[in-house]
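Take a look at the structure set out below.
In the text below, chain A, chain B and the rest are named by the order of the sequence lines, each starting its count at 1. Computation of the quantities below employed the complete heavy-atom set of this structure, encompassing side-chain atoms and omitting hydrogens, waters and symmetry-equivalent molecules.
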2 protein chains.
Amino acid sequence: MTRAEPADVPGDGAPKTTPDRLRRRASRLLSQLSTRSDRLINEGLAQADARKWHYAVLASLQDHGPGSQATLSRRTGIYRSDMVGVLNELAERHLVERAPDPDDQRRNIITISPQGRRRLRRLDKILDDLHDELLAPLSPAERDQFVQLLTRLLDYHTRTS
Amino acid sequence: MTRAEPADVPGDGAPKTTPDRLRRRASRLLSQLSTRSDRLINEGLAQADARKWHYAVLASLQDHGPGSQATLSRRTGIYRSDMVGVLNELAERHLVERAPDPDDQRRNIITISPQGRRRLRRLDKILDDLHDELLAPLSPAERDQFVQLLTRLLDYHTRTS
DNA sequence: GACTAACGTTAGTGAAACTAACGACGTCGG
DNA sequence: CCGACGTCGTTAGTTTCACTAACGTTAGTC
């Protein structure tokens, strides 16, 4: 009540005060961009008979070494319920190997195979190209900044969850 | 380009030599952050018996004036198939009014009601708070930059689709 | 007056993120 | 040693989201 009705826009003063709140809301920008990004990536990877989960798991294995399914789950953010299927697909293609852990019979130890490594290199290149398209309008410096901002936000929200 | 093969990293040391390509991929950062953002926003809005679609439609009506369902669909990015349900929910709550367009009998003209306006103000406040939490780790300047980068990316990808 | 296109609507698809519950196994406290 | 409890892999199911297909209806166009 202290404030006047913003009214229906007829060009009165202070046009900048309420410009398109929709376009400004970070949450909305995020989810829309994420949708498009996902589609871009999925389509790109589909042409190589891969999904983004495949990449996530292979990269995790390469970077952090072998691990149990639960470990991979935590590293990649894929739910362990869904990890089963992903690993099945990867194992079918002989990109990973699933072997029982001798020290703990509950676990499987997942290792990346030589083919898996080759595959990962291939996917890395594909993803490089796709990200080039994804980030096309940004300069190299801006891309770094963007990634850095995203990282900080994500870190914050994973710590506090 | 130093193309150092990261190799398998035996031992459990998890050294920093291979700075996690996963964490660097913008697509991954985007989709993970978007997931958390969505959850944050949805939970926040749910406590006010609202969904983000409600906000999108109400804000669009307030900022751009009344319109047909198809128009709203284009403005908000909601598919016209899904728009039906959203408008039903909004109409149930008397936040919008759906009236046949006298000039074109195919269309409905959707208008925001006074209650809808009040609602929108309320949701705007809620969203302000939620975004404060979402962007917590960023300084005001960084937040602007973040939004600006997102906007440019999204614009680019909507133009080229 | 026939064609085409846009409208609102209904139904359904596929993927993603998550929950619940299971039997099998390990670990720890008493 | 034993029971309580947590973890592991797995199966099944839920919900939500973005999207497609098809429909009858209505408008504009030739």
Is any N or O donor-acceptor pair between the side chain of A/Arg106 and the base of D/dT7 shorter than 3.5 Å? yes
For [X], enumerate each residue passing the side-chain contact (heavy atoms from CB on, under 4.5 Å) test, keeping only those at least two apart in sequence or located in another chain.
| X | answer |
| --- | --- |
| B/Thr35 | none |
| A/Ala46 | none |
| B/Thr111 | B/Pro66, B/Glu97 |
| B/Pro100 | none |

Kindly indicate, with the supporting measurements, whether the criterion side-chain contact (heavy atoms from CB on, under 4.5 Å) is fulfilled by A/Leu72 and A/Ile78. CA-CA 8 Å; A/Leu72 289 176; A/Ile78 307 172; over 6 Å; no
For [X] and [N], is the shortest distance between a side-chain N/O and OP1 or OP2 below 4.0 Å?
| X | N | answer |
| --- | --- | --- |
| B/Gln105 | D/dT25 | no |
| A/Trp53 | C/dA16 | yes |
| B/Arg39 | D/dT15 | no |

Output the rounded distance in Å from [atom1] ([X]) to [atom2] ([N]).
| X | N | atom1 | atom2 | result |
| --- | --- | --- | --- | --- |
| B/Arg28 | C/dA17 | CZ | P | 9 Å |
| A/Leu30 | D/dC17 | CG | C1' | 16 Å |
| B/Ile109 | C/dG8 | CD1 | P | 10 Å |
| B/Asn42 | C/dA16 | CG | P | 18 Å |
| B/Gln69 | D/dT25 | CD | C1' | 14 Å |
| B/Ile78 | C/dT9 | CD1 | P | 14 Å |
| A/Arg36 | D/dC17 | CZ | C1' | 14 Å |

Quick check on DNA chain D: between A/Gln32 and A/Asn108, whose nearest nucleotide comes earlier from the 5' end? A/Asn108
Are the charged groups of B/Arg28 and A/Asp38 less than 4.0 angstrom apart, N to O? no
Using the salt bridge (Lys or Arg N to Asp or Glu O under 4.0 Å) criterion, which residues pair with B/Asp101? Sequence neighbours excluded. none
Check salt bridge (Lys or Arg N to Asp or Glu O under 4.0 Å) between A/Glu142 and all other residues, then give those that pass, not counting sequence neighbours. B/Arg152
Please report the end-to-end axis angle for the helix from C/dG1-D/dC30 to C/dG30-D/dC1, five pairs per end, rounded to 10 degrees. 20°
Quick one: side chain to side chain donor-acceptor pair (under 3.5 Å) partners of B/Arg106, sequence neighbours excluded? B/Asp104
Under the side chain to side chain donor-acceptor pair (under 3.5 Å) test, which residues partner B/Thr71, sequence neighbours left out? B/Ser68
Within residues 80-94 of chain B, residues whose heavy atoms come under 4.0 Å of DNA chain D: B/Arg80, B/Ser81, B/Asp82
Residues within residues 95-104 of chain B bordering DNA chain C, heavy-atom distance below 4.0 Å: B/Arg98
Donor-acceptor contacts under 3.5 Å from residues 82-93 of chain B side chains, at least two apart:
| residue | atom | partner | partner atom | Å |
| --- | --- | --- | --- | --- |
| B/Asn88 | OD1 | B/Arg98 | NH2 | 2.3 |
| B/Asn88 | ND2 | B/Val84 | O | 3.4 |
| B/Glu89 | OE1 | B/His54 | NE2 | 2.6 |
| B/Arg93 | NE | B/Asp49 | OD2 | 3.0 |
| B/Arg93 | NH1 | B/Glu89 | O | 3.0 |
| B/Arg93 | NH2 | B/Asp49 | OD1 | 3.0 |
| B/Arg93 | NH2 | B/Asp49 | OD2 | 3.4 |

